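All remarks here apply to the structure that follows.
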Protein chains: 2
Amino acid sequence: MTYPLPTLVNGRPDALISPADRGLAYGDGVFRTLPVILGNPQVWALHYRKLSEDCSRLNLSCPPASELLNDIQQLYPDHASGVAKIIISRGAGGRGYAISSEMQSTRIVMRTAMPDYPQHYAEAGVQLTLCNLRLAHQPRLAGIKHLNRLENVLARMEWQDPDIFDGVVLDQQGFVIEGTMSNILLRFGFRLLTPDLRRCGVAGVTRDRILQLAPSLGLQAGVADISLDQMMQADEIIICNSLFGAWQATRFNGKTWQPQQLAEQLRYLLQEQHEID
Amino acid sequence: MTYPLPTLVNGRPDALISPADRGLAYGDGVFRTLPVILGNPQVWALHYRKLSEDCSRLNLSCPPASELLNDIQQLYPDHASGVAKIIISRGAGGRGYAISSEMQSTRIVMRTAMPDYPQHYAEAGVQLTLCNLRLAHQPRLAGIKHLNRLENVLARMEWQDPDIFDGVVLDQQGFVIEGTMSNILLRFGFRLLTPDLRRCGVAGVTRDRILQLAPSLGLQAGVADISLDQMMQADEIIICNSLFGAWQATRFNGKTWQPQQLAEQLRYLLQEQHEID
């Protein structure tokens, strides 16, 4: 991958950021990563709603959907497929944490290539590792996909093995929270549970969609505090994000699970919904 | 204050940042803010040591002191006084949290004006407010002046009153940690205590210096877990940072303290040390 990649900053292709931007100074902003298929951002309504909710929780002004859609169109004049990453920061400001009414959000939209995942991830499942880093409890930031992501960076530093796809992070009480770049769902018989993210973690759009879709697969979906021991007893571990949809994790923490059907069924339903969206 | 201010990015005066910089994407970096007097960065050895330690904890490569000093000289050709803000980010990288060996730190040095604080802050003391936001415990990040500062931003949003200089933040157990932009020291008789920052907070250089200087004022200095109730019983509350040195807080949480001598003595000693440094 080479840089600079095609990027618009506030709609302009000059693609550079002020060093006084509070997104850099304080991680004062939020982001989204979503697939673009043949020029169309996927599940856009949900991504925009989540972006807007995240902005609102930080008292950030969120640009209108039309501006962001227009940016994505500008970046995909070839109607190709790829990824759109959107960053909304609070914009440039003086030294110091105080916010002034003059500050104008910076809107960044980047086009990147779709990650080239091996086909066997979908067929045979992926391997996860258990991270040592424990997520801090901060209810004021929990769930938000904000730019303060040093915990994820530190957790991701814990493994080099390219066969490991993601790392599972627990919170400081030992509850399972998420992968560094995915959400986790666990099937126990007919129940599909995902960790409660009111104290830490990022509540992804695909996690929400799967919770909504579960009943159509005869599964009762819910949110719970889940210990590592409980996770190890799950019949299936599913990880999800907006780019790959849902995969089964078949190796984790010394245990192996047989490949089963749920991840594929979920990918099918997620895809079908895209087409309706 | 107008932007762009004089800034060097990797020593170059073009002063703009790649939108792919991980400082923006993840807050993946550290910073320092220090006074520059007649062109000379103050207490440089300690600031550089702290910068270098903070980089090391994030596995970030820290630029040599000579490069940073050279940047500051370039920004102060007039040998004036002001502030230097240094940001070291992990540099531009692909989407995703993983770090590659190709990444090269981005080094940003900015010149800004010295804040224009009223003289009465030094003479009569300042007013603090108590923030509702509670700091999360993250021992892996505690003490580091990193770029993940949304907690400070949210805490700073809690007051608008210009008579309030800073807000006191507690941790999630109710212990006093710091101000949003200052460290706190509390005098109880002949003891000078400062909150333990092993679980959260930023360990500033001036706090360290004051702990070192305290014995010369006949004070026994130490680090402790301090509750809000204990703080309210202090004989004097001192706040400190690298720009203003030390001030007494004379109003906080419904109580008023008489102006005393410690803050002025500390400013004198801190200043004297500058001249030796």
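FYI, side chains are in, hydrogens and waters are out, and symmetry mates aren't considered; it's all heavy atoms of this structure. Just so it is clear, the structure is predicted and the values come from calculations on it, not from any experiment. Numbers restart at 1 for each chain; the letters A, B, ... are given by sequence-line order, proteins then strands.
Chain B forms the most heavy-atom pairs under 4.5 Å with one residue out of A/Thr106, A/Ile99, A/Leu133, A/Leu135, and that residue is A/Leu133.
A donor-acceptor pair under 3.5 Å is absent between the side-chain atoms of A/Glu178 and the main chain of A/Ala203, judged by distance alone. A donor-acceptor pair under 3.5 Å is formed between the side chain of B/Asp166 and the backbone N or O of B/Thr180. The backbone N or O of A/Gly96 lies less than 3.5 Å from a partner atom in the side chain of A/Tyr26, making a donor-acceptor pair.
Taking the six-membered ring for Trp and thresholds of 30 and 60 degrees, B/Tyr121 and B/Tyr117 have ring planes inclined between 30 and 60 degrees apart.
Only the side chain of A/Thr33 has a heavy atom closer than 4.5 Å to any heavy atom of chain B. With a 4.5 angstrom heavy-atom cutoff, A/Gln172 touches chain B only via side-chain atoms.
A salt bridge links B/Arg199 with B/Asp225: the distance from a Lys NZ or Arg NE/NH1/NH2 to an Asp or Glu carboxylate oxygen falls below 4.0 Å. Salt bridge status for B/Asp78 with B/Arg111: present, with a side-chain N to carboxylate O gap under 4.0 Å.
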Mind running side chain to side chain contact (heavy atoms under 4.5 Å, CB included) on B/Leu51 and B/Cys62 for me, showing each step along the way?
CA-CA 8 Å; B/Leu51 183 76; B/Cys62 186; 3.9 Å; yes
Check against side chain to side chain contact (heavy atoms under 4.5 Å, CB included), B/Thr206 and B/Asn183
CA-CA 8 Å; B/Thr206 308; B/Asn183 284 124; over 6 Å; no
Between A/Phe165 and A/Ile239, does a side chain to side chain contact (heavy atoms under 4.5 Å, CB included) hold up when you go through it step by step?
CA-CA 10 Å; A/Phe165 178 71; A/Ile239 62 169; 3.6 Å; yes
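At a heavy-atom cut-off of under 4.5 Å, chain B is reached by A/Arg140, A/Leu141, A/His146, A/Leu147, A/Asn148, A/Arg149, A/Leu150, A/Glu151, A/Asn152, A/Val153, A/Leu154, A/Arg156, A/Met157, A/Glu158 from residues 140-164 of chain A, listed in order of number. Proximity to chain A at a heavy-atom threshold of 4.5 Å picks out B/Val83, B/Lys85, B/Ile87, B/Arg90 from residues 80-90 of chain B, in numerical order.
To the nearest 0.5 Å, atom CG of residue B/Asp196 and atom CZ of residue B/Phe175 are 9.5 Å apart.
Using a 4.5 Å heavy-atom cutoff, the side chains of A/Ser182 and A/Phe244 are in contact.
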